[in-house]
Asks: 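Below: one structure in structure tokens.
Per chain, numbering begins at 1; letters A, B, ... match sequence-line order. We use all heavy atoms of the structure for the numbers below, so side chains are in, but hydrogens, waters and symmetry mates are not.
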Amino acid sequence: MFLKTVGPANAKIMIVADYPTQEEFLTSSPFTNFTFNQIISQSGINRFTCLMTYIIKVYPLKNNPMSYYSSGKFAYPFPELKAWIEDVKREILLYKPNIVIAMGKIALHSLCGKTNLDEFRGYVISGLIPGLKIISTYSIHNINISWDLLHIAIMDFRKALFNSASPESFKDERIIEDNPTAERFISYCNEIIFNPEINKVALDIENIQPGTHITRIGLSHHINFGISFNFCEGGRPVLPPKDELRVWEAINRLVNHKLLIMQNSPHDMGTLWLNNRILCKKIYMDTLIAAHVCFPEFPRSLLFLSSICLNVAPWKKSEKLNEGIYNAIDAANTYGIADVLDKEIDKQKVRKTFDFEMSQIPVALMLQLQGLYVDLEIRDILKDCAFRTSQEAKEGLEKLIGKEINYNSPKQLQKLLYEDLGLPIQYKRRKQVSEPRTPTADAKALERLERMVPDNPLFQLVLIHKKAEKLISSFLDIELSKHNTVHTSYNITGATAPAPNEVLAGNKSFGRWSSNKSIILPYGSGNLQNIPPIARLMYTAKPGYVFVQADYVQAEAVMVAHYSQDRKLIDMFNKSYGLKKSERGEYDLHKLTYAWMYQMNWQDVTKEQRRIGKTIRHATSYNAGAGVIADQLKCSVQDAKYYLSTYLAMCPQLAVWHRSIQNELRVSKVLTNAFGRKHCFLDRWGDSLFRSAYAYKPQSSVGDLLNMAMTKFYQQYGEEFSICLQLHDAFYVKIPTDKLKVVVNKMKECMKIPIIVNHETFYIDVDFKIGDSWGDMKEYEI
DNA sequence: GCGATCACGTA
DNA sequence: GTACGTGATCGCC
């Protein structure tokens, strides 16, 4: 029995999905699954006006649709599937819908012959049937695995609805100049400069990696126009230096006269500055930032943004477009996206957040270009030391187990622990109980095993060895620039993770910066926000200079106190605000936490008890379970449960706050932090959504707070005093030692920013530390 | 060579 | 517990 096509013969939209769900098949009720209902109802399409069918008309064997192909590739369908595909094509010819929505890779390939869904998703393309418009989107199966995709599919359905009015395919009216002469390109720049009606220009560069040599520059002043100038051919400059200079001069004039639109402007700005000393000052919009502010949870590539903002043809390098056309279309689409996002920013009322993120561009760019200096001597000492430690541990292990294995290989280590030594298998923590248990040999597992098998040095030796190896490979053995600096690219919009496969990775980004390897100055391991304390020692201020670190004290805890309206805690923070470190004794948060839990005097709290208080407070703010607390405190789960219940009894507000977040989510999936930053949570309803949501407001508010302070400092004093690091709730400057007092006061002034939560205004205290080396910072009292 | 997986560093 | 990025290994092509 096969599922038949349903719907009216005069349908304008036809939906072709890969295959039915098991229930749809067993009950003979096509297109009734929950996910599909969500998509079609939220897209505004009336399902009774659509023809709907499947390519594979049964529930596939072993839930594996690829079993209908003779190889892993789509190229060789078995006869049964071949016949089904022909059926669908016949129906399309018979009913002549204006547009077909292909849900999933199999539908896309069957109707269009394309295999890469990510490249064509959301674009109206023509298929194997002449004159037919097709738009592809994710399959129900994909969406069920990754719920984020639901919202993208809804947008794709809306686009299909928009395109279903007529069978006509849209006309590409774009004018693309992919290889203008230098004269033509210069005259284009001049035309723009002297045309008072044009005030914005989109700019996009192409360069050779590694390095920063610019091969092309694309410009656009209209969605239907793109021009790309070619500087290089076969690795050689196209023009004699004198003529090339004239082109650069024209570009320089242009960027000084018009507002610029770019996708990921720090990259293009950095490259233009390093290569050509062209400084782009007037940035109207970075489309990456605009997209982050409007759709923080979506991918932000140009291809994706074009698919949701524009009605244009897909364009992609793999289509073997010539580089010039590609570059020119990049620029044109960037221009078009900016127009759409501009309206979206106002529609969503997020202009303030957008302006704030845009204001961070100069300081992020400066930090990337400036880099951080490394003392070679100290690095070599650290390297030697770590190497010796690692070797000693390795030799000890060899004696102990009588053979050599690679401890960096989880596989080999697991074999040693659980097969050769027969120790009890340790499992990874699962997100859901329904997930299968996977064995692990990570540090936590080793520590647990150590507690089970005392007096065996094996575990400590493995831990020491692995730690030293990690230290060397990730943090010490890094490539330096010729000035002995490392560089990191700070991402204002947070996560850069692109889609790894057809199921897009979630772009979370809570407004904190992230940092990764700089493409334009590829030195260092890249991320400067995860350097361990020991490796920080090699980052030094030069003689006569000193690092100043300013960090917000207990910032997330203060935010949580206000959000959860924990009066006792708020009062404590209010009283301790502005006190010197030495005067803060009676306001030690963690000691007080333990004292409140067990009704004792804070003076009597021991160091160990303080540690418990600290761990419990931090973990419970974000709804951690007893297992996690047990691992952190290295105690039994039983004890952890006891601490947990004692804490929650002492602090009932916390559970109330968590419930209020859940209620907020129920009303709308959009949460807003203390500074108006919005985030839409797209995860499935459940614990993982809740935990992520609990973390959002405190974490993103602190991120915004620090970035506000740092940007303010940069704007006012950046020329004089150099900022050198951003670490989520702290920033560092490197200054001449004699300027210490002045700078600390200025930092303090910039960091005093009022925060309003629940109609109460408060400030978060700032601590200062100074040192010659980042790894050796001492308290500094003003 | 490339991508998935594991592991692990920070706030 | 959340957020993030990088490096080593290993299986696949």
Asks: Separation of Ile405(A) atom CD1 from dA8(C) atom P, in whole Å?
Replies: 18 Å

Asks: Which part of the nucleic acid, if any, lies within reach of Gly625(A) when heavy atoms closer than 4.0 Å are counted: base, sugar-phosphate only, or nothing?
Replies: sugar-phosphate

Asks: Enumerate the residue pairs fulfilling salt bridge (Lys or Arg N to Asp or Glu O under 4.0 Å) with a member in residues 632-650 of chain A, sequence neighbours excluded, ordered by first and then second residue.
Replies: Glu447(A)-Lys634(A)

Asks: Could you tell me the separation between the CD1 atom of Ile661(A) and the C1' atom of dT2(C), rounded to a whole number of Å?
Replies: 13 Å

Asks: One pair to check against salt bridge (Lys or Arg N to Asp or Glu O under 4.0 Å): Asp704(A) and Arg677(A). What are the steps and the verdict?
Replies: CA-CA 9 Å; Asp704(A) 279 345; Arg677(A) 178 186 293 279; 3.0 Å; yes

Asks: For Ser409(A) and dA8(C), is the shortest distance between a side-chain N/O and OP1 or OP2 below 4.0 Å?
Replies: no

Asks: For Pro533(A), answer base if it contacts any base atom (sugar-phosphate contacts may also be present), sugar-phosphate if it contacts only those atoms, and nothing otherwise; contact means non-hydrogen atoms under 4.0 Å.
Replies: sugar-phosphate

Asks: Expressed in angstrom and rounded to an integer, what is the separation of Asp704(A) atom CG from dA3(C) atom P?
Replies: 16 Å

Asks: Round to a whole Å and report the spacing from CD of Gln554(A) to C1' of dA11(B).
Replies: 13 Å

Asks: Within the structure shown, what part of the strands sits under 4.0 Å from Ala730(A) by heavy-atom distance: base, sugar-phosphate, or nothing?
Replies: nothing

Asks: Ignoring the backbone of Asn406(A), work out which of dA11(B), dT9(C), dT2(C) is nearest its side chain.
Replies: dT9(C)

Asks: Any base atoms under 4.0 Å from Arg512(A), or only sugar-phosphate, or nothing? Heavy atoms, all strands.
Replies: base

Asks: Would you mind classifying the nucleic acid contact of Gln726(A) as base, sugar-phosphate or nothing, using non-hydrogen atoms under 4.0 angstrom?
Replies: nothing

Asks: Does dA3(C) have OP1 or OP2 sitting under 4.0 Å from an N or O in the side chain of Ser692(A)?
Replies: yes

Asks: Could you please name the option among dA7(B), dA3(C), dG7(C) that lies closest to any side-chain atom of Asp442(A)?
Replies: dA7(B)

Asks: How many whole angstroms separate atom CG of Leu725(A) from atom C1' of dA11(B)?
Replies: 13 Å

Asks: Looking at every strand, decide which applies to Arg536(A) at a 4.0 Å heavy-atom threshold: base, sugar-phosphate, or nothing.
Replies: sugar-phosphate

Asks: Do Asn527(A) side-chain and dG5(C) base share a donor-acceptor contact under 3.5 Å?
Replies: no

Asks: Side chain of Gln414(A), heavy atoms from C-beta onward: which of dA7(B), dC8(B), dT9(C) has the nearest atom to it?
Replies: dA7(B)

Asks: Taking only N and O in the side chain of Lys428(A), is any of them less than 4.0 Å away from OP1 or OP2 of dC6(B)?
Replies: yes

Asks: So which nucleotide from dA7(B), dG5(C), dG9(B) ends up closest to the side chain of Asn491(A)?
Replies: dG5(C)

Asks: Calculate the interatomic distance between Tyr696(A) atom OH and dC4(C) atom C1'; express it in whole Å.
Replies: 16 Å

Asks: Can you check whether Trp596(A) and Tyr647(A) have ring centres sitting under 6.0 Å from each other?
Replies: no

Asks: When you measure from the side chain of Asn516(A), which nucleotide among dG5(C), dG9(B), dA7(B) comes out closest?
Replies: dG5(C)

Asks: Strictly below 4.0 Å: does Lys470(A) bring a side-chain N or O up to OP1 or OP2 of dA8(C)?
Replies: no

Asks: Classify the nucleic acid contact of Ala555(A) as base, sugar-phosphate or nothing, counting any heavy atom under 4.0 Å across all strands shown.
Replies: nothing

Asks: Any side-chain N or O of Asn530(A) less than 4.0 Å from the OP1 or OP2 oxygen of dA11(B)?
Replies: no

Asks: How close or far is atom C1' of dC8(B) from atom CG of Leu476(A), stated in whole angstroms?
Replies: 15 Å

Asks: What does Ser515(A) touch in the nucleic acid at a heavy-atom separation under 4.0 angstrom: a base, only the sugar-phosphate, or nothing?
Replies: sugar-phosphate

Asks: Could you check whether Ile629(A) gets within reach of a base, just the sugar-phosphate, or nothing at all, counting any heavy atom under 4.0 Å?
Replies: nothing

Asks: Given atom CG of Leu413(A) and atom P of dC6(B), what is their separation to the nearest angstrom?
Replies: 14 Å

Asks: Between Tyr490(A) and Trp513(A), does the ring centroid distance fall short of 6.0 Å?
Replies: yes

Asks: Does Asp776(A) come within less than 4.0 Å of Lys778(A), counting only side-chain N to carboxylate O?
Replies: yes

Asks: Is a side-chain N or O of Arg536(A) found less than 3.5 angstrom from the main chain of Ile531(A), in a donor-acceptor match?
Replies: yes

Asks: Gln412(A) near the nucleic acid: base, sugar-phosphate alone, or nothing, with a heavy-atom cut-off under 4.0 Å?
Replies: sugar-phosphate

Asks: With a non-hydrogen cut-off below 4.0 angstrom, is Asn623(A) in contact with a base, only sugar-phosphate, or nothing?
Replies: nothing

Asks: Within the 4.0 Å heavy-atom criterion, would you say Thr440(A) contacts the bases, only the backbone, or no part of the nucleic acid?
Replies: sugar-phosphate

Asks: Heavy-atom nearest nucleotide on DNA chain C for Ser473(A) versus Arg429(A): which residue maps closer to 5'?
Replies: Arg429(A)

Asks: Among Lys383(A), Lys470(A), Arg379(A), whose salt bridge (Lys or Arg N to Asp or Glu O under 4.0 Å) with Asp477(A) holds?
Replies: Lys383(A)

